[in-house]
Protein chains: 2
Amino acid sequence: MELTPRKKEILKVVIENYISTAEPVGSKAIASQLTSKVSSATIRNELADLVEMGYLEQPHTSAGRIPSPKGYRLYVNELMEQRALSLQETEEINRALQMKMQELDGVISKAGQMAAALVNYPAYAMASGTPGLTVQRFDLLSVDPSSFIAVVMTQDSRVKSRLIRSETGVDADQLAALAALLNAHFTGIDETEMNRKLMDLSGKTPGPLFMTLSQTIEYACSVIEGGEKNKVYTTGANNILKLPEFRDADKAHELMSFMVDNTENLPVPPAGTNMEILIGPENVNEALRDTSVVVASYDIGDNMRGLIGVVGPTRMDYATVAARLSYFAEGLTKMFGKQDPLLPGPKEEQKT
Amino acid sequence: MELTPRKKEILKVVIENYISTAEPVGSKAIASQLTSKVSSATIRNELADLVEMGYLEQPHTSAGRIPSPKGYRLYVNELMEQRALSLQETEEINRALQMKMQELDGVISKAGQMAAALVNYPAYAMASGTPGLTVQRFDLLSVDPSSFIAVVMTQDSRVKSRLIRSETGVDADQLAALAALLNAHFTGIDETEMNRKLMDLSGKTPGPLFMTLSQTIEYACSVIEGGEKNKVYTTGANNILKLPEFRDADKAHELMSFMVDNTENLPVPPAGTNMEILIGPENVNEALRDTSVVVASYDIGDNMRGLIGVVGPTRMDYATVAARLSYFAEGLTKMFGKQDPLLPGPKEEQKT
DNA sequence: CTTTAGCACTCCTCGCTCCCGAGTGCTAAA
DNA sequence: TTTAGCACTCGGGAGCGAGGAGTGCTAAAG
C-alpha cells in the first residue's frame, strides 16, 4: 500500500528531526513544521498508522516516535532530497583533493582520513577489485658485490623497490642476465605461477644465482600480493564518541574494536553503482546491526576501485553524508583519471 | 626527608592495589597485605603522613587513598620491582617480532600496532633523529619514450621508486646522462641544497631535460623529506574505553582526538636512555596531564631511532608495560641489527 | 614514643518513592 | 475527516534514608 503524501511528509519531518536531535519526535513538533496546517491530533492518527506500517517506532507509550530502519530506507530511497553542497563544502573537499599522491596506498589511506574528516564519522578505506596483480617489469641494479636493488613495476604501473642483500654475491653481469630472465618469464603471471616457474628453474640454475632469483621473486610476490590489496584503513573512530548513541563506552568500544580488528568484514559496495547505503539490519555484520554504512567507490584505473565507507548511527545524516561522499569520490576518480602520473588514464579535455 | 621502609612498603601496596582495581585503598586492606603485622590504625597514621608528604591523595574524607603523581614517581623510581616476563609473554613478543619487514614505514607503524596489542593501551610509533636524510644513489630506468622509473636510494639504504611521466619525453641515453648528473651532484646533500643546485642548473641545461631533472629532484625531495620522518602512527586508541577512568565519553574523546590529530605534540623520549616514563603532570601536553606515557626507543641504524610510546591512565601498570615495551624495543633493535637487509648493520656474532 | 583498640563521624552509593511533564490514545463534537 | 479535550502512561530527576566503608581522634597499652 502506498503512503499518502501527507504520511510521507510526516515521515520525512520525523526522520529529519530525529537525525538532528536524536530524540523522539512528538506530534506537536511535527505539526508546527508541516506545510499544511493540521492539528497535532491529526498527526497522532497518522503517526499511529505509520507505526503500524513499520516505518516508525515508539520507544515506549507516551514517547514520541523514532524512525525504524524501514523508515530510513524509504527516506533514503524516496524522500531524501538531493542535498546540494554549499560552495564552502565543495571548496573544502576540493582542497582536500589537492593532496599529493606519492604512492597508491598512501592515497587510499589518506582518502579514508579525509572522508572521516569530511563527515565526522568513522571511515574506512580500501582498494578492491585487483584481480591478481602481476609484474610488468623487473629491474635489478647492482649496488655492491653483496647487494642490489630490485625494482618491480606492476601491471597497474606502480613501482616498488628495495635493497636486497645477496648472501652469495652477484655482479652486474649476473644481475643483467637475471633481469632478462625475469622479464622473459616472470612477467604477466600471478603469484602461484611465479612460484611454480621458480620451482622449475631450481634444478637448471646455478645455486648462488638461484638464491638471488628466489629472493627477488619472493620480494615481487610480496609486492603484488601484499600491496594494499586487502589492506583496510580505518580512521576517525573517535568521532563516534561525540554521538549520544555511543555515550555508552561499551557500545563505543565494541564498534571501534570491530572496525579496527575485523577489517575484512566491512561491507563492500555494490557492483555497478558507485554508492550504496546500508541501514541498520541491512548490514550482514552483527556488529554493524544498529549502525548504518555509506559506501562510495572511485575509479583508480585498471579496473580497480577504491572504496571509502562511512560508519555511523542509523540516525546518520544520509543526505549530507551521501552528497559529500559522492562528490569526494567523484573528485578522486577525476584525479586518478587526469593528473595521475601512475597511469596512462583516459584523456579528458583539460586546460592547465 | 627520607621515607621509612614501612612507609615505602605501604605506598607500594597502595599503588599496586590501586593499579589493579582503580579504587581507593583503605587501611584495612593494606594491613592484610603487609609483611609485618600491624593494625589498621597504625597504617592510618602512616597514611596521614604520606598524604601530608604528597605521595597519596584522598578523594574525600572517609575514602581510601589513591596515589598522587609524586607517589607514582617514587614508585617507578624506587619501589617498582623489575618485572620478569613470563615465558609466555616473551614468546608472544618474539612471535610478534617475526614480522616481515618490507618497508621501513611499514615496520614503524606495525611496531606501534604491536605495542598497543602487547600492553592493551593506545600506542604511537614514529621514527626520530633523522638529521636530514640525503640521497645516496639515483637510478633512472627507461620505460617508454614518455615515462621512466626513478629509483632513489637514501643514505640509510632505503629504496623508493616511482614511475614518472615526462611531458617532454626522454630516451634511454638522456636518462643515463641525467642519472650520471644526479649521482655526481645531487647525492649526499639535503633538500634545500638540492633545490639550490637545481636552480643553478636551470640555465645551463636544455629545457626539456631540465623539466625531467626537476621532476626527479622533486620526487627525491619528497622521499627524503616525507619518508616517515615526521609521521606518527597512532593505534589501539579503542583500548582506553575499557578503562574505568575513561568511561566518560567526553574524556575518552578528548584523549583520542588529541592522539590522532595532534601527533607532533606527543612526547619524545630522552636522549641517551632508551626508555622513559612520564607520569601525569610531568607531561607537557595539556591533554596528557592526567595520563602517563611510557616511551621506548629502538635503533634503526644510521643514527636513527624508532619510538614506541604507550599512553595510559596514571594508574598504568608501569612494571608490566615497561618490561614488555623494553623487551620489545630490544627485540626490534636486534632485528634491525641482524637480519635487516636494508642496512649493513653492526656485525654481531651469530650462528644461523 | 609507638602501637592499638574503640568509637563517633563523614560521605559516597544505592535503592526507594514521588512528582513532573511530555506525549499519547480515545472520545465526542464539528 | 479533522479537531479539541481529557485522562492516562511512563521515563527521568529530585529528594530522602539506610548501609557501609573508611577515616580521625582519643586514650590506653607496650
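All figures in this text were calculated on a predicted structure; none of them were measured in a lab. Just the heavy atoms: all of them, side chains too, but no hydrogens, waters or symmetry mates, feed the values below. Below, chains carry the letters A, B, ... as their sequence lines are ordered, and counting in each starts from 1.
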Separation of B:Glu23 atom CD from D:dA21 atom P, in whole Å? 12 Å
Within a radius of less than 6.0 Å around NZ of A:Lys242, do more than 12 heavy atoms belonging to other residues, nucleotides or ligands occur? yes
Could you check how far NZ of A:Lys28 sits from P of D:dT3, rounded to whole Å? 15 Å
Would you kindly say whether B:Gln113 and B:Tyr233 are connected by a side-chain donor-acceptor distance under 3.5 Å? no
Tell me what B:Ala41 touches on the nucleic acid: a base, only sugar-phosphate, or nothing, going by heavy atoms under 4.0 Å. base
What is the distance, to the nearest angstrom, from the CD atom on A:Glu46 to the C1' atom on C:dT24? 16 Å
For the pair made of CG in B:Asn45 and P in D:dT23, what is the distance, rounded to whole Å? 11 Å
Can you tell me the distance, in whole Å, between the CD atom of B:Glu52 and the P atom of D:dG24? 11 Å
Is the phosphate of D:dG24, meaning OP1 or OP2, less than 4.0 Å from a side-chain N or O of B:Arg65? yes
Going by atom types only, do A:Asn285 and A:Arg289 share a side-chain donor-acceptor pair under 3.5 Å? no
Stepwise ring-ring contact (aromatic ring centres under 6.0 Å, His included) test for B:Tyr318 and B:Tyr72: CA-CA 9 Å; B:Tyr318 296 99; B:Tyr72 283 121; 5.7 Å; yes
Any side-chain N or O of A:Ser62 less than 4.0 Å from the OP1 or OP2 oxygen of C:dG25? no
When you check the phosphate oxygens OP1 and OP2 of C:dT3, does a side-chain N or O of B:Arg6 lie under 4.0 Å from one of them? yes
Distance in angstrom units between A:Ile43 CD1 and D:dA4 P, rounded: 12 Å
Round to a whole Å and report the spacing from NZ of B:Lys37 to P of C:dT4. 11 Å
Nucleotide D:dT2, atom P - distance to CD1 of A:Ile10 in whole Å: 10 Å
Quiz question: by atom type and distance under 3.5 Å, do the side chains of B:Asn238 and A:Ser257 form a donor-acceptor pair? yes
Verify the contact: side-chain N or O of B:Ser27 to OP1 or OP2 of D:dT23, cut-off strictly under 4.0 Å; return yes or no. yes
Mark yes or no for whether A:Arg324, through its side chain, and A:Leu118, through its backbone, hold a donor-acceptor pair below 3.5 Å. yes
Is the phosphate of C:dG25, meaning OP1 or OP2, less than 4.0 Å from a side-chain N or O of A:Gln58? yes
If you fit an axis to the five pairs at each end of the helix from C:dC1-D:dG30 to C:dA30-D:dT1, how big is the angle between those two axes, to 10 degrees? 20°
May I ask you to evaluate whether A:Thr61 reaches the phosphate of C:dT24, defined as a side-chain N or O under 4.0 Å from OP1 or OP2? no
Is A:Thr42 close enough to D:dT3 that one of its side-chain N or O atoms is under 4.0 Å from OP1 or OP2 there? yes
Decide whether A:Gln33 and A:Asn17 meet the rule of one side-chain donor and one side-chain acceptor closer than 3.5 Å. yes
Contacts of B:His60 and A:Arg44 projected onto DNA chain C by closest heavy atom; the upstream (5') one is B:His60
